[in-house]
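Quick notes on the structure that follows.
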Amino acid sequence: MAMKQKIVLRVQMNCEKCRIKTLRVVSDADGVSSVGFEGENKQNVVVIGDVDAAGLASRLRKKVGHTDIISVAPVK
């Protein structure tokens, strides 16, 4: 059984359309349980589930814009 993890990504989103696109890309990924925004200007995307963080960041870079992985931690 795969382990759930909490992944925090900082995505460069300049408009509401970018936020919607980010949500769509993340929610389409396999193994995602929940998605949310946090931080100042809602620039951080929090993903919970059994997901490949590097693959998700790569997909976001291609479809939305500059993306950094802030943290990856197991969910207790």
Side-chain angles (χ1 to χ4, degrees):
M1 185 171 129
M3 215 169 106
K4 276 192 176 184
Q5 52 191 4
K6 178 181 178 181
I7 304 164
V8 181
L9 304 159
R10 179 173 294 129
V11 183
Q12 186 174 336
M13 298 177 282
N14 302 322
C15 59
E16 195 58 36
K17 190 174 177 184
C18 297
R19 288 186 208 294
I20 292 167
K21 197 171 192 179
T22 299
L23 277 176
R24 192 170 296 134
V25 170
V26 174
S27 61
D28 283 348
D30 289 336
V32 173
S33 300
S34 70
V35 182
F37 293 113
E38 71 177 20
E40 64 176 85
N41 300 327
K42 304 284 186 205
Q43 292 290 312
N44 295 346
V45 181
V46 179
V47 182
I48 296 177
D50 176 32
V51 188
D52 172 30
L56 188 59
S58 174
R59 200 171 307 134
L60 283 167
R61 280 186 198 108
K62 283 181 192 168
K63 305 225 175 189
V64 181
H66 184 79
T67 304
D68 293 320
I69 298 175
I70 304 299
S71 69
V72 178
V75 174
K76 295 180 170 68

Pairs under 3.5 angstrom only: tabulate donor-acceptor contacts from the side chains of residues 34-49 to other protein residues two or more places apart or in another chain.
from: Gln43; atom 1: OE1; to: Met13; atom 2: N; distance (Å): 3.4
from: Gln43; atom 1: NE2; to: Met13; atom 2: O; distance (Å): 3.1

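The 12-atom threshold is not exceeded at CZ of Arg24, counting heavy atoms of other residues, nucleotides or ligands nearer than 6.0 Å. Within a 6.0 Å radius of CZ in Arg10, no more than 12 heavy atoms belonging to other residues, nucleotides or ligands are found. For Asp28, the CG atom sits in a packed shell: over 12 heavy atoms of surrounding residues, nucleotides or ligands are nearer than 6.0 Å.
The two residues Val51 and Ile7 have their closest heavy-atom pair at O-CD1, 3.8 Å. Heavy atoms only, all atoms of each residue included: Ile69 and Ala57 are closest at CG1-CB, 3.9 Å.
Grouping Ile, Leu, Val, Met, Phe, Trp and Tyr residues whose side-chain heavy atoms lie under 4.5 Å apart, directly or via other members, leaves Ile20 alone, with no other cluster members.
Residues Val72 and Val26 are members of one and the same hydrophobic cluster, defined by side-chain heavy-atom contacts under 4.5 angstrom among Ile, Leu, Val, Met, Phe, Trp and Tyr. Cluster annotation: Val11 is not connected to Ile70 through the hydrophobic network of ILVMFWY side chains, with a link wherever side-chain heavy atoms come within less than 4.5 Å.
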Q.
Test side-chain contact (heavy atoms from CB on, under 4.5 Å) on Ser71 and Val8; report intermediate values, then the result.
A. CA-CA 5 Å; Ser71 69; Val8 181; 3.5 Å; yes
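Here the side chain of Lys21 pairs a donor or acceptor atom with the backbone of Lys63 at under 3.5 angstrom. Looking at Thr22, its side chain does come within 3.5 Å of a backbone N or O of Cys18 through a donor-acceptor pair.
For Asp52, there are no side-chain hydrogen bond (donor to acceptor under 3.5 Å, both in side chains) partners two or more places apart in sequence or in a different chain.
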